[in-house]
Amino acid sequence: MNIIVVGCGRVGSQLATLFSQGENNVVVVDTNAAKFDNLGSSYEGSTLTGVGFDEDVLIEAGVEEADVLCAVTNQDSSNLMIAEVGRKLFEVPYVLARLYSPDRTNAYLQLGLDYVCGTTLVAEEMYSKVMAARGKFIESLGQFDLMRFALDLSSRQGNSISVSELERDHEIRIVAFERKSDHYSSIPTKDSILYEGDTVIACIRNDLLEEFSTYMS
């Protein structure tokens, strides 16, 4: 993946390092070049000095080919602007922002932005969200995320699974599903059977997103 991380404080540097140790192309952007010292010797990406919501800076960082944009500066207003520029002007497929003040939660939700709010384990949570982002984020509800995605059941016998089994084994709740081949949609019961390619809306605990992502097509 091509990933841009804007902000190179404690969270941004940790997040960028996590990404760079996989098979990803990572660029870190910050207004203060001295912040790049936070990255350490294990960082395997590149850096760029500039304002993260400046269009020219983002273009230089490779936003036109980016798969992911993470806004993790120390200001909510900057993170919001970065996320909106990346999503609306450059149509980055997945945009994720750090949120400091819970009072701004409604603004993020109304704009349909995915975010992580908190002061601990933020980098790890953002990393898990990005790596599991095969579905479409709908809304965050505290420690739960509401996601829409197509099911990948290719590894299961019969390419199917019951709602009760899926919910029990993975601590999720299936809210609704659609079977496009039959032009059929429903709110499932525990006995409902889901098949390969069914589109579901599921409520998933956000710390289990990466583990559950094997079911996201």
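Note that the coordinates shown come from a computational prediction; the quantities given were computed from them, not determined experimentally. Heavy-atom basis, side chains included; hydrogens, waters and symmetry copies ignored. Along the sequence shown, residues carry numbers from 1.
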> Test Leu153 against every option in Ile161, Leu166, Asp198 by the side-chain contact (heavy atoms from CB on, under 4.5 Å) rule and name the one that passes.
Ile161
> Any idea which heavy atoms bring Gly12 and Val5 closest together, and the distance?
O-CG1, 3.8 Å
> What is the distance from atom OG of Ser41 to atom CG of Leu39, rounded to the nearest 0.5 Å?
10.5 Å
> Do the side chains of Glu196 and Asp152 get nearer than 4.5 Å, heavy atoms only?
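Side-chain contact under 4.5 Å: yes.
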> Can you name the closest pair of heavy atoms from Gly197 and Ala150 and give their distance?
O-CB, 4.2 Å
> Taking only residues at least two apart or on different chains, which pairs with a member in residues 184-193 satisfy side chain to side chain donor-acceptor pair (under 3.5 Å)?
Glu167-Lys190, Thr189-Ser192
> Between Phe177 and Ile172, is there shared hydrophobic-cluster membership here, with clusters defined by ILVMFWY side-chain heavy atoms closer than 4.5 Å?
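Per the 4.5 Å side-chain linkage, Phe177 and Ile172 are co-clustered.
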> May I ask you to decide if Thr199's main-chain N or O and Glu178's side chain share a donor-acceptor pair within less than 3.5 Å?
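Answer holds: no.
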> So, for Asp30 and Cys8, which heavy atoms are closest and what is the spacing to 0.1 Å?
OD2-N, 2.7 Å
> Quick check against the 3.5 Å criterion: does Asn25 have a side-chain atom that pairs as donor or acceptor with the backbone of Val27?
no
> Rounded to the nearest 0.5 Å, how far apart are OH of Tyr215 and CG of Leu194?
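That separation rounds to 11.0 Å.
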> Would you say Val85 and Phe90 make side-chain contact, with heavy atoms under 4.5 Å?
yes
> Treat each ILVMFWY residue as a node, draw an edge where side-chain heavy atoms are under 4.5 Å apart, and state whether Phe53 and Tyr100 are in one component.
no
> Count the heavy atoms of every other residue, nucleotide or ligand shown that sit under 6.0 Å from CD of Glu165, and state whether that count exceeds 12.
yes
> I need the full list of side chain to side chain donor-acceptor pair (under 3.5 Å) pairs touching residues 65-81, with sequence neighbours left out, sorted by first then second residue.
Thr73-Asn79, Gln75-Ser78
> How far does CG of Asp114 sit from CZ of Arg87, to the nearest 0.5 angstrom?
10.5 Å
> Tell me if a side-chain donor or acceptor on Asn38 pairs with a main-chain N or O of Ser13 at a distance below 3.5 Å.
no
> Could you grab the distance from atom CD of Glu60 to atom CD1 of Ile4, nearest 0.5 Å is fine?
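Between Glu60 CD and Ile4 CD1, I get 10.5 Å after rounding to 0.5 Å.
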> Quick one: do Val26 and Val11 end up in the same hydrophobic cluster if we chain Ile, Leu, Val, Met, Phe, Trp and Tyr together by side-chain heavy atoms under 4.5 Å apart?
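Same cluster.
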> Under 4.5 Å between side-chain heavy atoms, hopping through other hydrophobics if needed: is there a path connecting Val29 to Leu69?
yes
> State, to 0.1 Å, how close Val28 and Ala16 come at their nearest heavy-atom pair, and which atoms those are.
CG2-CB, 3.4 Å
> Could you pull out the closest heavy-atom pair between Ala97 and Ala83, with the gap in Å?
CB-CB, 4.4 Å
> Among the clusters formed by ILVMFWY side chains lying less than 4.5 Å apart, do Val63 and Met81 turn up in the same one?
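Yes: a chain of side-chain contacts under 4.5 Å links Val63 to Met81.
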> I'd like to check Ile204 versus Phe144 (side-chain heavy atoms, cut-off strictly below 4.5 Å). Are they in contact?
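Not in contact.
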> If you round to the nearest 0.5 Å, how far is CD of Glu44 from CD of Glu23?
11.0 Å
> What is the minimum heavy-atom distance between Ala66 and Val92, and which atoms define it?
O-CG1, 4.0 Å
> Donor-acceptor check, side chain of Asn24 to backbone of Met1, threshold 3.5 angstrom: yes or no?
yes
